[in-house]
Amino acid sequence: MATSLRLYLTCIRNTLEAAMCLQNFPCQEVERHNKPEVELKTSPELLLNPVVICRNEAEKCLIETSINSLRISLKVKQADELENILTKKFLRFLSMRAEAFQVLRRKPVQGYDISFLITNYHCEDMHKHKLIDFIVQFMEDIDKEISELKMSVNTRGRLVATEFLKQFV
Amino acid sequence: MAGTGEFVEADNAEAIITRIEHKSRKIESLLKQYKPVEALKTALEGSPPNTRDERCKSANWIVVHRAIMAIKDVDGMFSSLDPEYYDILMKYLYRGLSTGDRPTCDQCLRIHEKLTERAGLGCILRSLADTVNTV
């Protein structure tokens, strides 16, 4: 189980290291504009093949690259309804504070839970290997966070139920 | 010009699919003889290069998938696989990873790690950048 997670993260790390070759590229259609090409997808010659890396049926990662930007979308494992709700709320909380993260996208791509958008400006300001470390660390921590949240919800529910039902004993 | 191109395509597609069926029979026999590396080599060579036809690509993918799942010893495989097959293998690995089927993904992730160690990041980048010859 742990090995498959390690392999999955290694694969994503290697793919990101190869794909994160971004350079400044002003917009071809509109002068004086500079847009992340991966978002617009207007010119096919500026885009690389998108790649989907699945760990299993529930978890996958979509990596789309272009000449000046890279978009990573993650789908997090959600085993039951409670995890579904927790994941949605938690990731929405993070996405709304996307300004603070800089590389986070405000809305996830259709079909995924959370998305990152890395542009050439980010690569110029920050170290490439640190950006990749951040993404991989994020993926590891998300699972832990969601399990912790789930456990605390269950514990609290149990405490409340015990207290409530004590009056009927 | 475009018309004749498509005509040639359709003709070729049938020929390619017959060739792929031929290949799959050969691969089955190789797998029965416990030669998974040979099977993989046969599957990878003669991959349809410029076909747009999805059927040819799917047919070839099924064959390659069979060969990939039969491999047990990944390190041993790399010692006997020629470097010229690394790029095409990487493309097929990404196709396998996009399927989402658990055993396929496990096997593809295992091979991907070893292949990256062997072939380096250039192999990954070539499979990402090649928009003309896709699998």
Side-chain angles (χ1 to χ4, degrees), chain A residues 1-23 37-38 41 43-79 111-112 128-129 132 136 139, chain B residues 47-52 54 57-58 61 65 68-69 71-75 77-78 86-135:
Chain A
M1 188 60 185
T3 358
S4 100
L5 176 65
R6 187 187 61 82
L7 284 174
Y8 177 56
L9 295 176
T10 319
C11 179
I12 292 186
R13 181 186 286 272
N14 288 333
T15 316
L16 284 178
E17 274 184 37
M20 205 175 287
C21 42
L22 311 174
Q23 62 183 70
E37 294 296 334
V38 79
K41 298 200 179 33
S43 318
E45 72 268 14
L46 302 174
L47 304 172
L48 295 184
N49 293 328
V51 135
V52 177
I53 299 171
C54 298
R55 184 182 169 193
N56 46 46
E57 295 79 8
E59 284 182 74
K60 55 184 173 162
C61 169
L62 169 68
I63 299 178
E64 302 160 282
T65 330
S66 71
I67 188 164
N68 61 0
S69 43
L70 160 67
R71 188 162 70 182
I72 305 152
S73 310
L74 303 174
K75 182 144 189 67
V76 177
K77 172 180 57 151
Q78 286 151 43
Y112 292 85
K128 193 170 114 171
H129 61 272
I132 298 174
V136 173
M139 293 176 74
Chain B
S47 297
N50 280 327
T51 348
R52 292 286 152 80
E54 276 311 312
K57 294 193 195 204
S58 314
W61 159 241
H65 179 230
I68 287 180
M69 293 311 287
I71 295 199
K72 302 279 182 286
D73 175 24
V74 184
D75 288 318
M77 171 187 80
F78 280 118
Y86 288 170
D87 283 352
I88 190 90
L89 178 59
M90 185 60 89
K91 291 185 189 170
Y92 277 114
L93 285 180
Y94 276 118
R95 181 153 179 172
L97 286 171
S98 66
T99 56
D101 169 46
R102 194 184 290 250
T104 318
C105 288
D106 277 340
Q107 179 79 337
C108 286
L109 284 173
R110 246 176 294 177
I111 303 181
H112 186 282
E113 187 194 7
K114 292 279 157 35
L115 181 57
T116 323
E117 275 169 36
R118 276 269 180 157
L121 298 173
C123 188
I124 300 180
L125 197 52
R126 280 189 291 273
S127 74
L128 287 176
D130 199 348
T131 45
V132 175
N133 307 325
T134 53
V135 293

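Computation of the quantities below employed the complete heavy-atom set of this structure, encompassing side-chain atoms and omitting hydrogens, waters and symmetry-equivalent molecules. Below, read A as the first sequence line, B as the second, and so on, with proteins coming before strands; counting in each chain starts at 1. Since we're looking at a predicted model, the values are computed, not measured.
- Annotation for A/E37 and A/L47: closest pair O-CD2, 3.8 Å, computed over non-hydrogen atoms.
- In this structure, chain A has no heavy atom under 4.5 Å from any part of B/R95.
- In this structure, chain B has no heavy atom under 4.5 Å from any part of A/C61.
- Residue contact with chain B, scored on non-hydrogen atoms closer than 4.5 Å, involves the side chain of A/T10 exclusively.
- Rounding to the nearest 0.5 Å gives a distance of 8.0 Å between CE of B/M77 and CD1 of B/I68.
- Looking at heavy atoms from C-beta onward, A/N49 lies out of side-chain contact with B/Y94 at the 4.5 angstrom threshold.
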**Q.** Stepwise side chain to side chain contact (heavy atoms under 4.5 Å, CB included) test for B/T131 and A/L48
**A.** CA-CA 7 Å; B/T131 45; A/L48 295 184; 5.9 Å; no
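- The candidate from B/T104, B/L125, B/D101, B/L93 with the greatest count of non-hydrogen atom pairs under 4.5 Å with chain A is B/L125.
- Note: A/V51 leads A/L62, A/V51, A/I63, A/T65 in heavy-atom pairs under 4.5 Å with chain B.
- Not less than 6.0 angstrom separates the ring centroid of B/Y92 from the ring centroid of B/H65.
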